[in-house]
Amino acid sequence: MRTRHSAVLVTAAIALLAGCQSTDQKVAADTLVAVKVSTAPNPLAGAADPAWAKARALTAVAADGANFGAKPGERADTKVSMKAVYTADTLYMLIQYADPTQSIRRGPYQKQADGTWKKLKDPADKGGDDNMYYEDKWGMIWPIGNSVKNWDREGCAALCHTGEGKPYGNKYTAREGEIVDMWHMKSMRTGPWGYVDDQYTDHTRYSAQTPNAGRKGDPGGPEYAAFNLVNGKPQFMARDAKAANAGGTYYIKRGDEVPFDDSKFKAGDEVASYIVNPLQGDRADVKVAYSWKDGMWTHVVSRKLVTGSRFDVQFSDLGARYGFGFAAFDNAQVRHATTDDPLYLVFAK
C-alpha cells in the first residue's frame, strides 16, 4: 500500500454513454464504455478479434509498482489499456498492460550442486512481500452497490491501510456492510486453468486470527496447495518429469502430480512447489485467456452480467455506472502499480 496519488489518465474515450443516442457525446476520461455486440469475442484470439474494433480504449497509467523495469528498491509505472463489449448475458473485457518480463518462477525448489534441494526465496522478504520469486498478477475491485462511502473521492485508496503488522499493509473496507467484488488474476495459480480468482473484501480488520484482514475468496476454493520437502526432496513432481526451467512449468495442475523421482533431475534444475486447483462454483465466475508477448500482457476476461452471488457486483442495470479500480503486479506479491483514482464502467445501448 502507499499514500494516495492522482493516477494519470492518458486518453478519453468517445463513445455511447449508457442511455445516450448520439455518438457525438464525449465520455469522461475515467469511463470505460462497453459496446453491445451480437457475436462474443473469441478469447483465444486476444486483441485480434474483430469485436474489439467496435470499442474504444480507456487508457490509464498504473503508478508506483515494484519492478516494471525499475532498479531494485525503486518503483515504476505501466500503461494500461482496456476495452469492453457485452452480449445479452456476458461482459467481456480486453485488458493489456506493459510489463518488460514474464515472471513465472513462483517459489520453486532448486537442486543444489551437492544434490540437496532448497526453496528459492527473496532474501529481502520479511513476510508476505516477495518481489523476486513470484508471479505476474493483476487485480480489479468493484464496489457492490453503493456500499463504499468514499469511493468517488478515494477509489482503491479507501480500502488500503498501511502498516498494521505487515510490510505493505492490509486491505479492508472502512465500515461494516461495505463490500467489494475483487477479481484477482494470478498467472501461475489460477490462470493455467482459465480462471481469474473471484474474491471479495469486507470490513474485517487484521489480527493474528484474521491475517488476510478483509480479503476473502468466494466459495469454491482453494486455488492452490503448496507442498513441502519430504526427507529433503520435493513431495511431488509433474507427470512429464520436466524441470520447470527446461520446458516444464512452475506449477503442477491438480491430477498431474506424481511422487517425486530425484533421479530425473540434475543440479540447477528447478521444479514447482505447489499444485493448482480448478476453481469451482461461486469462485469460478470470472474466466480468462491470456498471453505475454514482446513486453505486453493481453487478457480477455469474461463474466456473466448477473451471477446472483452476494459476493459479486451485478451488472443488472445497464443504465447504471459501475466503479472499479485496477492494479498490476510485476513479479510482486503485494507491491502493485495502481490507478488509485476511481474508474467507471458504463454500458452503451
Side-chain angles (χ1 to χ4, degrees), residues 32 34 41 43 58 60 62 65 78 80-86 90-97 99 135-145 147-148 151 155-156 158-160 171-173 178-202 212 214-224 276-290 297-316 322-329 332-334 336-340 342-345 347:
L32 175 66
L58 167 67
T78 183
V80 184
S81 175
M82 301 181 188
K83 290 184 175 182
V85 299
Y86 71 103
T90 302
L91 170 69
Y92 297 86
M93 298 183 72
L94 174 66
I95 300 172
Q96 296 179 288
Y97 64 90
D99 181 345
E135 67 187 308
D136 292 335
K137 307 187 296 180
W138 57 257
M140 297 183 77
I141 58 174
W142 303 83
I144 295 177
S147 66
V148 179
W151 178 263
C156 294
L159 281 74
C160 292
K171 184 179 293 295
Y172 56 84
T173 58
E178 291 186 345
I179 184 171
V180 300
D181 187 5
M182 182 164 63
W183 301 357
H184 196 174
M185 172 58 193
K186 304 167 183 175
S187 65
M188 291 289 103
R189 287 175 289 167
T190 62
W193 283 108
Y195 295 109
V196 176
D197 198 358
D198 193 2
Q199 302 178 305
Y200 69 98
T201 299
D202 63 15
N212 288 324
R215 295 193 304 112
K216 299 176 172 66
D218 289 12
E223 79 276 29
Y224 78 110
V276 297
N277 301 312
L279 297 177
Q280 303 176 46
D282 202 338
R283 200 163 175 175
D285 285 333
V286 188
K287 310 296 192 302
V288 68
Y290 64 113
W297 274 110
T298 297
H299 298 78
V300 177
V301 180
S302 61
R303 206 212 73 177
K304 294 294 184 184
L305 295 173
V306 177
T307 67
S309 169
R310 66 187 182 91
F311 302 115
D312 295 342
V313 61
Q314 305 299 324
F315 302 114
S316 54
Y322 298 90
F324 71 93
F326 181 85
F329 303 67
Q333 190 166 3
V334 290
H336 54 333
T338 184
T339 56
D340 275 344
L343 301 174
Y344 297 91
L345 170 72
F347 292 84

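Note that the numbering runs from 1 along the sequence shown for the chain.
Looking only at side-chain heavy atoms (C-beta outward), Leu343 and Leu32 stay at 4.5 Å or farther from each other. Residues Leu91 and Leu345 meet the side-chain proximity criterion, which asks for heavy atoms closer than 4.5 Å. Contact annotation: the side chain of Phe347 approaches that of Leu305 to within less than 4.5 Å [non-hydrogen atoms, C-beta and beyond]. The shortest distance between side-chain heavy atoms of Val148 and Val180 falls below 4.5 Å. Two residues are said to be in side-chain contact when any heavy atoms from C-beta on lie closer than 4.5 Å; Ile141 and Cys156 meet this criterion.
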Is there a ring pair (Phe, Tyr, Trp, His ring centres under 6.0 Å) between Tyr322 and Phe315 once you walk through the steps?
CA-CA 8 Å; Tyr322 298 90; Phe315 302 114; 5.0 Å; yes
Please step through side-chain contact (heavy atoms from CB on, under 4.5 Å) for the pair Gln199 and Trp183, ending with a clear verdict.
CA-CA 6 Å; Gln199 302 178 305; Trp183 301 357; over 6 Å; no
What verdict does the ring pair (Phe, Tyr, Trp, His ring centres under 6.0 Å) test give for Phe324 and Tyr344, after you've listed the backbone C-alpha separation in whole Å, the side-chain angles of each residue and the deciding distance to 0.1 Å?
CA-CA 6 Å; Phe324 71 93; Tyr344 297 91; 7.8 Å; no
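For the atom pair OG of Ser309 and CG of Asp285, the computed distance is 6.5 Å after rounding to the nearest 0.5 Å. In this structure, Leu58 CG and Met93 CE are separated by 8.5 Å, a value rounded to the nearest 0.5 Å. Note: Asp99 CG to Phe329 CZ = 12.5 Å, rounded to the nearest 0.5 Å. To the nearest 0.5 Å, atoms CD (Gln280) and CG (Asp218) are separated by 13.5 Å.
Look at Glu135 and Arg189 and you find a salt bridge, because one of the NZ, NE, NH1 or NH2 atoms lies within 4.0 Å of a carboxylate O, short of that distance. Checked for salt-bridge contact, Asp202 and Lys216 meet the test: a charged N lies under 4.0 Å from a carboxylate O.
Although no hydrogens or angles enter the test, the distance criterion places a donor-acceptor pair under 3.5 Å between the side chain of Gln314 and the main chain of Gly308. A distance-only check finds a donor-acceptor pair linking the side chain of Lys137 to the backbone of Gln333 [under 3.5 Å]. Between the side chain of Thr173 and the main chain of Glu178, a donor-acceptor pair closer than 3.5 Å is present. A donor-acceptor contact shorter than 3.5 Å is absent between the side chain of Gln96 and the backbone of Leu94. Side chain of Ser147 to backbone of Ile179: a donor-acceptor contact under 3.5 angstrom is found. Using modelled atom types, no side-chain atom of Glu223 and backbone atom of Arg283 make a donor-acceptor pair closer than 3.5 Å.
Scored by the ring pair (Phe, Tyr, Trp, His ring centres under 6.0 Å) test, Tyr200 finds Phe311 as partners (sequence neighbours excluded). Under the ring pair (Phe, Tyr, Trp, His ring centres under 6.0 Å) criterion, Trp138 pairs with His299, Phe326, sequence neighbours left out.
Shown are Asp197, Asn277, Val276; of these, the side chain to side chain contact (heavy atoms under 4.5 Å, CB included) with Pro222 is made only by Asn277. Of the candidates Asp282, Asp198, Asp181, Asp181 is the only one forming a salt bridge (charged side-chain N to carboxylate O under 4.0 Å, His left out) with Arg303.
Between Tyr92 and Tyr86, the distance separating the two ring centers is not shorter than 6.0 angstrom.
Taking every heavy atom of both residues into account, Val313 and Pro143 meet most closely at CG2-O, 4.1 Å. In this structure, Arg310 and Ile144 approach most closely via the heavy-atom pair O-CD1, 3.7 Å. Between Ser187 and Trp297, the shortest heavy-atom distance links the atoms CB-CH2, 4.3 Å. Counting all heavy atoms, side chain and backbone alike, Trp142 lies closest to Gly323 at CE3-O, 3.4 Å. Across all their heavy atoms, Met185 and Val288 have their closest contact at SD-CG1, 3.9 Å.
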